[in-house]
**Q** 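To start, I am sharing the structure in question, which I have written as structure tokens.
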Amino acid sequence: MIKELIKEHQTPFYCYDNTIINEKVSFLNSLNLEFKHNFYFAIKANPNLAIINLLKQKGLGAVVVSSGELYKALRSGIKPSEIMLNGSSKNDFDIKYAITQKIRSINIENIDELNLINDYSKEKGLVTDIGIRINPGIDPNTLSKISTGKSGDKFGIQIDQINFDDIQKLENTKLKTLSVHIGSQIVDYKKFIESYKSIINLADELNQKGFKIQYLDFGGGFPVLDQKSKGLDFDLWLLELNLILKNKQYDIIFEPGRFLVANSGFLVSRVNYIKQSGSKKIILLDSSMSEYIRSTLYGIEPIVELLHANNNEEKFEYDIAGGVCESSDFFIRDALLPKIIKNDFLVFKNVGAYGSSMSSTYNSRPRPLEILFNKNEHRVIRSRDTLEDLCKNEIM
Ligand code: LLP
């Protein structure tokens with residue numbers, strides 16, 4: 001299909017394979033989870049309306065972290081009762097918007113949020129359901145830049161910092177959810193289980209004291225790694241998970257982001273130039289860190305393929321760089337590829353999560369086109385920014 005798409009559309013563009021997203025949803029639905037549960041898509045992984053709507057049609061809710069994401073979730077057709085708001089530093093507007101939309105839960109990460117939630121709910125004559133994201137002090141053994149549950153991290157609240165009696169007294173705020181998310185790309189199932197246990201135990205304790213915790217939000221973090229790495233052992237995860245929830249009556253919410261969309265996404269780029277610099281052969285692409293920043297930011301290199309590759313071709317070592325004015329604007333160092341010439345197309349694979357969503361217009365580059373395909377059909381789901389779009393909102 002990608003070969004068809006490049007005939008019709010200019011690079012760089014992201015394209016997503018609908019079939020792969022469907023497979024991911026089916027996989028999650030096939031897990032033998034012996035308790036009440038729902039999957040809420042972590043929109044930050046890919047906030048395109050078409051992708052959110054696709055997942056909505058498959059029965060998923062949404063977890064959002066800003067009023068922008070909340071607006072997009074609602075625009076995509078997700079019901080407020082299937083949306084949760086997280087966020088380590090929510091703006092007042094995020095909180096007020098979530099209150100008036102009556103979403104399932106506003107999960108607080110700062111005790112201070114309670115005053116605004118309670119006062120504004122009172123002003124509007126509402127009672128708002130909230131959750132608390134707990135920082136359980138667990139090291140998930142993942143990249144430090146995507147680790148969120150250790151003591152000293154900015155996410156969640158440590159239990160000893162919470163005065164639950166004060167929360168119980170609030171008239172326009174009801175604590176119904178406990179939430180935990182210790183990071184992304186977690187391969188050690190025991191870390192997940194340990195984090196889940198921390199909020200199960202706390203919920204049990206609180207409910208004995210008269211609270212009515214109904215929802216436990218276990219966060220996201222299921223890994224999507226390259227073929228060489230060992231992923232999460234879902235069988236062991238499942239076994240322990242069913243065990244720790246046996247005879248419990250909670251509704252469990254999972255918040256997968258990357259797992260649902262990463263593998264479905266491809267970034268297609270054209271080779272502008274090949275340059276010899278010292279001993280290095282450098283491929284310069286028509287995409288850059290503005291379109292895909294994860295290599296620059298985390299040092300994680302995506303899988304790359306030459307579009308028209310012939311497998312038997314001799315391989316050469318190339319550095320693959322983008323076109324913006326930053327020395328760190330590299331996708332891959334020392335990639336082994338067949339001989340590359342100008343106007344070849346390179347395809348980065350598994351970039352459907354945190355690819356487009358973290359893109360920017362740095363160097364005033366238009367944000368790229370996005371295409372969704374399903375078997376032989378395809379449609380544009382985001383047009384490329386125009387030059388005028390780059391000036392939109394600016395006042396001379
Ligand atoms: N729930 C919460 C509260 C989160 O903070 C996140 C991600 C998720 C769910 C979804 O996590 P996932 O299943 O996608 O791992 N930009 C980074 C990832 C940052 C993730 C932030 N939080 C990257 O490109 O790897």
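We use all heavy atoms of the structure for the numbers below, so side chains are in, but hydrogens, waters and symmetry mates are not. Whatever order the structure lists them in is the order used to number ligands and atoms, beginning at 1.
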**Q** Select all protein residues for which some heavy-atom-to-ligand 1 distance is less than 4.0 Å, and list them by chain and number.
**A** Ala42, Lys44, Asn86, Arg133, Ile146, His181, Ser184, Gly220, Gly221, Glu255, Pro256, Gly257, Arg258, Arg294, Tyr298, Tyr354, Met358
**Q** If you measure from CD1 on Ile117 to NZ on Lys90, what distance do you get to the nearest 0.5 Å?
**A**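 That separation rounds to 6.5 Å.
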**Q** Taking the cut-offs as 6.0 angstrom to the six-membered ring centre and 45 degrees off its axis, would you call Lys36 and Tyr250 a cation-pi pair?
**A**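 No, Lys36 does not lie over the aromatic ring of Tyr250.
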**Q** Do Ile244 and Ile186 sit in the same hydrophobic cluster, where Ile, Leu, Val, Met, Phe, Trp and Tyr count as joined when their side-chain heavy atoms come under 4.5 Å apart?
**A** yes
**Q** Any salt bridge between Lys122 and Asp119, counting N to O under 4.0 Å?
**A**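 No.
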**Q** With respect to Arg133, which candidate in Glu113, Glu109, Glu255 satisfies the salt bridge (Lys or Arg N to Asp or Glu O under 4.0 Å) definition?
**A** Glu109
**Q** Could you tell me if Arg365 sits above the aromatic ring of Tyr362, with its cationic atom closer than 6.0 Å to the ring centre and no more than 45 degrees from the axis?
**A** no
